[in-house]
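Structure record follows, encoded as structure tokens.
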There are 2 protein chains.
Amino acid sequence: MPDYIYKKIADLLRKDILSGKYGSEDIMPSENTLAEEYSTSRVTIRKSFAILAEEGLIKPRHGKGYIVQHPSHTTFELEFSDLETGDARHYHKITIVEPDGDVAVALKDRTKYVVMTRSTIIRNGKAVTCDEKYIPYRRGEPVVEKEINYVEFPDMFAERFPPVSMWVRLEVATSAAPRDVARLLGYAEGQTLMVVRRYIYSGNAECVGYTKRWVGMDYGPIVAKSGYMVNGRL
Amino acid sequence: MPDYIYKKIADLLRKDILSGKYGSEDIMPSENTLAEEYSTSRVTIRKSFAILAEEGLIKPRHGKGYIVQHPSHTTFELEFSDLETGDARHYHKITIVEPDGDVAVALKDRTKYVVMTRSTIIRNGKAVTCDEKYIPYRRGEPVVEKEINYVEFPDMFAERFPPVSMWVRLEVATSAAPRDVARLLGYAEGQTLMVVRRYIYSGNAECVGYTKRWVGMDYGPIVAKSGYMVNGRL
DNA sequence: AAGTGGTCTAGACCACTTC
DNA sequence: AAGTGGTCTAGACCACTTT
């Protein structure tokens, strides 16, 4: 829609890269050359190049020029949130337990007690995941009401930590379902299921939360995407 | 090291956001205000804001101002490549087969024959994954030598498609291991294993390749990361 | 020495939002 | 009408790379 100069030029240059006119390791025309060619200022050309650089198509080299770099497709973007659109969540259990096994390892035995929340995601009337959340227990805090209201993790910790200083490690693996989980999802005990684990770390590298999602066969795969987009479309 | 003005100001503003001085939904001081405050030009302030916007900490609103946005940690970055450092790859089989089952679905029955390559990744003397690759067969092309030499997918297709116009869909799920796979990885037939599938699409949305990785228990989890980085460190 | 990208300035006009 | 971000210009000086 907009006839912005920098955008137009970026589109033209991108096309030249995608079409193969400029191949990998080639050096693009210089900023000054293009500024003159398109009768515009150098700043505008820089803005066009900044777009392509952001997209990973070129890489600037001081004193040399912009070098064409075709992407290698080894980095993927994965979307994963607690709330999936159209799904319902059922809460089954909220208890205070002593951490053991992977929970103790994840939270590094920092606290004697953790709040454990167990819930399932219901899709088409069937439980497709079994989610467990473990949060260090703090004496004197009202537990049940709080935990049940917060579904998204960042909110959960908003009052304890500045949310922006947290980060999450996500793991996907398989594991044998324990009795409770198997029953909720309708499988035999010991059935191998996909498990998504999340470790929530605070800014000072402390693990302040741990979640485990047992994924049923009906849930579908975990999906990630990679590659080069044009106009927001792959 | 560098005492660039725009970087310094970006650091100061970031600190103010992380410390909570500016909370979510707050409006940052205007470009003109900050330009005067720091005795610099508006363009330089814009550059500082551009950094924070790129990091996802603020969002510009035309006519209003820059609005603080604390990240929600639902997007993860996943690294996945054929070559893992320190691992060896053994090739077991290269055949030309008629696609059926998931292979036929993935490649949409576009070709009568596909080249199937089966290999395993060896770690500490043990097969930890079983990888299968399916590529549409083109009559008259030298198959075996080519396929065995190319391990990374982008290279594999470099001569057929401009690599930059490709993208990859990655799926993680579980599935029962067939006989051949189970034998190679040392499990019983039918054992549930984690499976990573990749669909390689060309620019015109055609699926031009399909890979399946059966992941053994010793391989470790698929890992992704999310969160806010400062100075390249989480 | 010449050319490149990297930073920075001091203006200008426009589109959008709020009062 | 006033303030905001969005675009754009025509210069300037610097650091780096190549010749």
Side-chain angles (χ1 to χ4, degrees), chain A residues 1-17 21-71 231-232, chain B residues 1-17 21-71 231-232:
Chain A
M1 202 143 341
D3 52 345
Y4 299 133
I5 301 171
Y6 76 92
K7 217 171 163 73
K8 262 183 168 167
I9 295 177
D11 288 342
L12 289 171
L13 296 175
R14 189 192 296 107
K15 210 172 146 189
D16 287 342
I17 296 173
K21 177 175 170 184
Y22 303 122
S24 239
E25 304 304 318
D26 280 2
I27 293 179
M28 300 289 291
S30 76
E31 295 176 350
N32 285 318
T33 305
L34 291 171
E36 194 168 353
E37 183 177 333
Y38 289 107
S39 305
T40 182
S41 75
R42 199 186 138 208
V43 181
T44 301
I45 298 293
R46 274 185 74 74
K47 217 168 168 181
S48 304
F49 273 145
I51 292 175
L52 302 181
E54 165 68 20
E55 293 173 348
L57 289 177
I58 58 175
K59 218 172 194 175
R61 273 305 184 142
H62 200 164
K64 245 186 142 176
Y66 288 91
I67 294 164
V68 177
Q69 303 250 298
H70 285 178
N231 300 329
Chain B
M1 202 141 342
D3 52 345
Y4 300 134
I5 301 171
Y6 76 93
K7 216 170 165 75
K8 261 184 171 168
I9 295 176
D11 288 342
L12 288 171
L13 295 175
R14 189 191 296 106
K15 210 172 147 189
D16 286 343
I17 296 173
K21 178 175 171 184
Y22 302 122
S24 239
E25 303 305 319
D26 281 2
I27 294 179
M28 299 289 290
S30 77
E31 295 175 350
N32 285 318
T33 305
L34 290 171
E36 195 168 351
E37 183 177 332
Y38 289 107
S39 305
T40 181
S41 74
R42 198 185 139 211
V43 181
T44 301
I45 298 293
R46 275 185 74 75
K47 217 167 170 183
S48 303
F49 273 143
I51 293 176
L52 301 182
E54 164 68 20
E55 293 172 348
L57 289 177
I58 58 175
K59 219 173 194 173
R61 268 316 178 137
H62 200 163
K64 246 187 140 177
Y66 288 92
I67 294 163
V68 177
Q69 304 247 299
H70 284 179
N231 301 329

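For clarity, every value in this text was computed on a predicted model and none was experimentally measured. Chain letters run A, B, ... following the sequence lines, proteins first, then strands; residues in each count from 1.
As rounded to whole Å, 8 Å separates atom P of C:dT7 from atom NZ of B:K7. Nucleotide D:dC13 holds its P atom 18 Å from the OH atom of B:Y4, rounded to whole Å. Distance CZ (B:F49) to C1' (C:dC8): 18 Å, rounded to an integer number of Å. Distance B:I58 CD1 to D:dG5 C1': 11 Å, rounded to the nearest Å. Taking atom CD1 of A:I45 as the reference point, atom P of C:dG5 lies 11 Å away to the nearest angstrom. Atom CD1 in B:I67 sits about 11 Å away from atom P in D:dG6, given to the nearest Å. When rounded to the nearest whole Å, the span between CD of A:E36 and P of D:dT9 equals 14 Å. Between the OH atom of B:Y38 and the C1' atom of C:dT9 there is a distance of 19 Å, given to the nearest Å.
Within 4.0 Å of A:R46, counting heavy atoms only, lies at least one base atom of the nucleic acid.
If you check C:dT7, D:dG6, D:dG11 against the side chain of A:V43, the one that comes closest is D:dG11. Considering only the side chain of A:S30, C:dG5 comes nearest among D:dG6, D:dC8, C:dG5. Each of D:dT9, C:dT4, D:dT4 was ranked by its minimum atom distance to the side chain of A:T33; first place goes to C:dT4. Among the nucleotides C:dC16, C:dT7, C:dT4, the one closest to the side chain of B:K47 is C:dT7.
The two residues A:L13 and A:F49 come nearest to each other via the heavy atoms CD1-CE2, 3.8 Å. Smallest separation of non-hydrogen atoms from B:I58 and B:M28: CG2-CG, 4.1 Å. When all heavy atoms of A:I67 and A:R61 are compared, the closest pair comes out as CD1-CG, 3.3 Å.
D:dT7 is paired with C:dA12 under the Watson-Crick or G-U wobble criterion, all donor-acceptor distances under 3.5 Å.
Contact check, A:T40 against D:dT9: a side-chain N or O comes under 4.0 Å of OP1 or OP2. Look at A:K64 and you won't find any side-chain N or O under 4.0 angstrom from OP1 or OP2 of D:dC16. The shortest distance between the side-chain N/O atoms of A:T44 and the OP1/OP2 oxygens of D:dT7 is not below 4.0 Å. Between A:Y6 and D:dT7, a side-chain N or O to OP1/OP2 separation shorter than 4.0 Å is present. A close approach under 4.0 Å does occur between a side-chain nitrogen or oxygen of B:Y66 and OP1 or OP2 of D:dG6.
Salt-bridge formation is detected for the pair B:D11/B:R14: a Lys NZ or Arg NE/NH1/NH2 atom is positioned less than 4.0 Å from an Asp or Glu carboxylate oxygen.
Summarising the local packing, CD of A:E36 is surrounded by 12 or fewer heavy atoms from other residues, nucleotides or ligands at distances under 6.0 Å.
Side-chain atoms of A:R42 come within donor-acceptor range of the base of C:dG6, with a qualifying N/O pair under 3.5 Å.
Each of A:P60 and A:G63 lies near DNA chain C, and the nucleotide nearest A:G63 is the one positioned closer to the 5' end. Both A:I5 and B:H62 sit near DNA chain D, but only B:H62 has its closest nucleotide nearer the 5' end.
Taking the side chain as every heavy atom from C-beta outward, B:I9 and B:K47 never approach each other to under 4.5 Å.
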